[in-house]
Every structure is written in structure tokens, then in C-alpha cells.
Amino acid sequence: MTGGALHAGEHEDHELARQALERGQVLPLRVVLDKVEHEYQGQVLKVEFEREDGRFIYEIRMLQDDGRMAKLQVDAVDGRVLKVKRKEDRKDRDADSRR
């Protein structure tokens, strides 16, 4: 969830996250962010909370210290990173393809 006003979908995400946290079903966001920022060396830019296939997920977008963007799917129950997608710098990809 980004700063500023919440949109309808973001409000629903926020409410779902709050309820799950109050019930002890998920880890606090701060715990998850501390772990992810340490392990993936970067700054979190955006967080979404959703439920996929019955599983609570934190979807985290971050700018890594090496300049790459990463999108992580983290299990909100145990903090385990389930999936990582990275966007490479376009110039790096073009340079690699010419070799």
C-alpha cells in the first residue's frame, strides 16, 4: 500500500490485512519488510496484501541496491519468499544479447 489516499481495492486489502493480523493469521508487515529488505538488499516501494488460493500473500515491489526492480511474493503466514521476478535494466539486456 502506497502513501496517500486508499483506493477501493487498497482499502479492501488494508481491511483484510488488519483482520488477519488481529486474528494472528499473518506476520506483521514490519517483520516481513525487515526480513525482505535484509535478504534482498533494497528499498521497498509498494506492498499489496491479497489472498491467493486460500493463502495470504504480501506482494512487495522493491528497488534493489544494484538498481534492479524486484517483485516478491511472500507468504504472509511464515515470511517465506515464494516467488521473485526481477526486471533487468534494458541496456544490460541489450548488451548481453549482442555478445
Side-chain angles (χ1 to χ4, degrees):
M1 290 163 234
T2 57
L6 293 176
H7 299 286
E10 291 172 336
H11 178 72
E12 291 169 12
D13 289 351
H14 178 76
E15 188 61 26
L16 181 62
R18 186 187 63 74
Q19 290 174 3
L21 183 60
E22 285 178 355
R23 292 183 189 126
Q25 295 174 306
V26 298
L27 292 171
L29 179 58
R30 183 74 263 161
V31 171
V32 173
L33 292 181
D34 288 345
K35 179 180 183 278
V36 166
E37 288 172 338
H38 176 75
E39 289 179 11
Y40 289 88
Q41 299 297 307
Q43 179 182 357
V44 172
L45 302 176
K46 183 177 181 181
V47 176
E48 292 180 15
F49 184 82
E50 40 196 53
R51 191 167 190 152
E52 289 183 9
D53 300 324
R55 174 185 272 174
F56 289 115
I57 301 288
Y58 286 116
E59 188 172 280
I60 300 170
R61 291 184 192 194
M62 67 185 306
L63 177 61
Q64 293 185 285
D65 291 346
D66 64 4
R68 293 187 298 172
M69 292 293 294
K71 182 177 175 182
L72 292 80
Q73 285 191 348
V74 180
D75 188 313
V77 174
D78 61 14
R80 195 167 33 100
V81 175
L82 303 171
K83 189 182 206 181
V84 178
K85 286 186 182 177
R86 289 190 177 91
K87 286 188 178 176
E88 303 293 330
D89 182 359
R90 181 176 260 288
K91 288 184 279 186
D92 291 343
R93 270 190 281 140
D94 291 345
D96 288 342
S97 66
R98 284 182 265 171
R99 290 184 187 157

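Everything numeric in this text was worked out from a predicted model, so none of it was measured. Sequence positions, counted from 1, serve as the residue numbers for this chain. Hydrogens, waters and symmetry mates play no part in the numbers below; they use all other heavy atoms, side chains included.
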Chemist: Hey, are the side chains of F49 and V26 touching, using non-hydrogen atoms and a 4.5 Å cut-off?
Modeler: yes

Chemist: Taking NZ, NE, NH1 and NH2 as the nitrogens, is one of them in R30 or E37 under 4.0 Å from a carboxylate oxygen of the other?
Modeler: yes

Chemist: For D78, enumerate each residue passing the side-chain hydrogen bond (donor to acceptor under 3.5 Å, both in side chains) test, keeping only those at least two apart in sequence or located in another chain.
Modeler: R80

Chemist: Indicate if M62 and L82 have the same hydrophobic cluster label, given that clusters are the connected sets of ILVMFWY residues with side-chain heavy-atom separations under 4.5 angstrom.
Modeler: no

Chemist: Against F56, only a single residue in L21, L27, D75, L16 fulfils side chain to side chain contact (heavy atoms under 4.5 Å, CB included); can you say which?
Modeler: L16

Chemist: Using 4.0 Å as the upper bound for N to carboxylate O, is an ion pair formed by E15 and R18?
Modeler: yes

Chemist: Taking the side chain as every heavy atom from C-beta outward, state whether D66 and Q41 have any atom pair closer than 4.5 Å.
Modeler: no

Chemist: What residues, two or more places apart in sequence or in another chain, satisfy salt bridge (charged side-chain N to carboxylate O under 4.0 Å, His left out) together with R86?
Modeler: none

Chemist: Distance check, rounded to the nearest 0.5 Å: K85 atom NZ versus L72 atom CG?
Modeler: 11.5 Å

Chemist: Given side chains that start at C-beta, do those of V44 and R61 come closer than 4.5 Å, heavy atoms only?
Modeler: no

Chemist: So for atom CD, which belongs to E52, do other residues, nucleotides or ligands contribute more than 12 heavy atoms lying within a distance under 6.0 Å?
Modeler: yes

Chemist: Identify the heavy atoms of Q64 and A70 that sit nearest to each other, and give their distance.
Modeler: OE1-CB, 3.8 Å

Chemist: Look only at the side chain of E59 and the backbone of K71, and say whether a donor-acceptor pair between them is shorter than 3.5 Å.
Modeler: no

Chemist: In terms of hydrophobic clusters joined by side-chain contacts under 4.5 Å, are I57 and V36 together?
Modeler: no

Chemist: Kindly indicate whether the side chain of V32, heavy atoms from C-beta on, has any atom under 4.5 Å from the side chain of I60.
Modeler: yes

